There are 2 protein chains.
Amino acid sequence: MSPRAGLTTERLVRAGAELSDEVGFEQVTVSALARQFDVKVASLYSHVKSSQDLRTRIALLSLEEMADRLATALAGRAGKDALAAFANVYRDYAREHPGRYTAARLTLDPETAAASAGPRHAQMTRAILRGYDLTEPDQTHAVRLLGSVFHGYISLETAGGFSHSAPDTRETWVWIVDRLDALLRTWPPSAPSDPAPAPEPTPRPTE
Amino acid sequence: MSPRAGLTTERLVRAGAELSDEVGFEQVTVSALARQFDVKVASLYSHVKSSQDLRTRIALLSLEEMADRLATALAGRAGKDALAAFANVYRDYAREHPGRYTAARLTLDPETAAASAGPRHAQMTRAILRGYDLTEPDQTHAVRLLGSVFHGYISLETAGGFSHSAPDTRETWVWIVDRLDALLRTWPPSAPSDPAPAPEPTPRPTE
DNA sequence: GCATTTGCCTAAACACTTTAGGTAGCTGCA
DNA sequence: TGCAGCTACCTAAAGTGTTTAGGCAAATGC
């Protein structure tokens, strides 16, 4: 009766990524995808192993896309310039592609993660730090700090954590990048001035 | 036949919270909870409105618990001491209660969020900043920075983002708190030294 | 033009969610 | 103590998503 729909893993993953941006990553389902292609659900299982497999592939695609943008943005930049460019790629991608961004945060099993674009991200973060005078282990600490700040910020912002209160979030973003730059420049050669006390566990503000 | 199980919303939410720590927040389901109480699924619907309602209540519980720990930890502390205590409450809670922590990150609708312990978190973050010399809007920026760093760090750490590479994550955590303290102390009275360029979107490192 | 491959199908089992309406166990009051 | 009424838990059923097994027909290649 009907000719063939022309499904491929590639097309499914791409459609899944778009769907996730439209309706949220959580709502990306094999069924929804089948509806979009006007095809029976079971048909998709020749192209993706499982629902989980589909989601993982979307995550990998998103990581690649971000890494590509990163590479472009970093080309020819250094120091604070590079830091800001880096930060903005991250934030803009999350705004343009909230579903994909969420997908990229998915926890991958070690082998998959190692084969993903994840390491490229880390590598580029290190590249930025070349503009600052850091030696190990400070450099690694700094890589982690940058990852934490950017991800944390975006996560809180998209979750509506920073309400609609003044000052606006763009201002804060610029401020943070500025402060991070300062933090990375002024370097007290690594010597935890004061062994931080370990009193009790720790919390998380909504603002 | 069987007497009554003694279900209450309270008990369900509490059991749900425990379950989420054991099997992950995503796996917390009305069905799973019904099994635990050895009761038919439909029976739970007199106590929680929906699966979403259950999850929201777990989130609210977790926010309360964290806020309580925070309050205890901050009592009698100031400055860096308070900052470290605050950070540790946050991190330790996430380690002890990964499911609850994830739950607490759930996006709540504005009214629910306003009635939650979320504002207490923000308020306590501001309390910490009293130990530093910040005026608005810097103080708000700083509140957001702290929230971002702590949440981002924990999120990446629990997702296995910081692999098992050296240096270990505890070292980084101490380092970050130390650097944040320095950043908050050394205050160039707010004047974005350099208008950050807005080149391209922004990414996210796995490390 | 035919054989093979394979893309999409039907069928079916299983899990979770949610609503409607019934029954039996508690609670309170005489 | 006994019964009225409440309500906690039940059965039943419909809807959605996942996943596997096996079938048929459309594309592919000779």
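All values derive from a computational prediction rather than experimental measurement.
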Atom pairs, protein N/O to nucleotides 4-7 of chain D N/O, distance under 3.5 Å:
unit_1, atom_1, unit_2, atom_2, d
dT7(D), O2, Arg4(B), NH2, 3.3

**Complete:** In whole angstroms, the gap separating C1' of dC16(C) from CD of Gln52(B) amounts to 14 Å
**Request:** Within residues 14-36 of chain B, find the residues that approach DNA chain C with a heavy atom at under 4.0 Å, and present them sorted by residue number.
**Result:** Thr29(B), Val30(B), Ser31(B), Arg35(B)
Pairs of donor and acceptor atoms involving the side chains of residues 41-48 of chain A, under 3.5 Å and at least two apart or interchain, shall be tabulated with distances.
unit_1, atom_1, unit_2, atom_2, d
Ser43(A), OG, Lys40(A), O, 3.2
Ser46(A), OG, Ser43(A), O, 3.3

**Set of ring-ring contact (aromatic ring centres under 6.0 Å, His included) partners for Phe25(A), sequence neighbours left out** = none
**Message:** Using the salt bridge (charged side-chain N to carboxylate O under 4.0 Å, His left out) criterion, which residues pair with Asp53(B)? Sequence neighbours excluded.
**Reply:** Arg57(B)
**Prompt:** Under the salt bridge (charged side-chain N to carboxylate O under 4.0 Å, His left out) test, which residues partner Arg11(B), sequence neighbours left out?
**Reply:** none
**Item:** Listed partners of Glu65(B) passing salt bridge (charged side-chain N to carboxylate O under 4.0 Å, His left out), at least two apart
**Value:** Arg100(B)
**Prompt:** Who passes salt bridge (charged side-chain N to carboxylate O under 4.0 Å, His left out) against Glu10(A), sequence neighbours left out?
**Reply:** Arg14(A)
**Message:** Considering only residues two or more places apart or on different chains, which pairs with a residue in residues 111-123 of chain A satisfy salt bridge (charged side-chain N to carboxylate O under 4.0 Å, His left out)?
**Reply:** Glu64(A)-Arg120(A), Asp68(A)-Arg120(A)
**Asked** Who are the ring-ring contact (aromatic ring centres under 6.0 Å, His included) partners of His97(A), not counting sequence neighbours?
**Response** Tyr93(A)
**side-chain contact (heavy atoms from CB on, under 4.5 Å) partners of Thr56(A), counting only residues at least two apart** = Gln52(A), Leu60(A), Leu108(A), Thr112(A)
**Request:** Under 4.0 Å from any atom of DNA chain C, heavy atoms only: list the residues of residues 39-50 of chain B that qualify, in numerical order.
**Result:** Val41(B), Ala42(B), Tyr45(B), Ser50(B)
**Request:** Using a strict cut-off of less than 4.0 Å between a Lys/Arg side-chain nitrogen and an Asp/Glu carboxylate oxygen, indicate whether Arg95(B) and Glu157(B) qualify as a salt bridge.
**Result:** yes
**Message:** Distance check needed: dG17(D) C1' versus Leu54(A) CG, whole Å only.
**Reply:** 13 Å
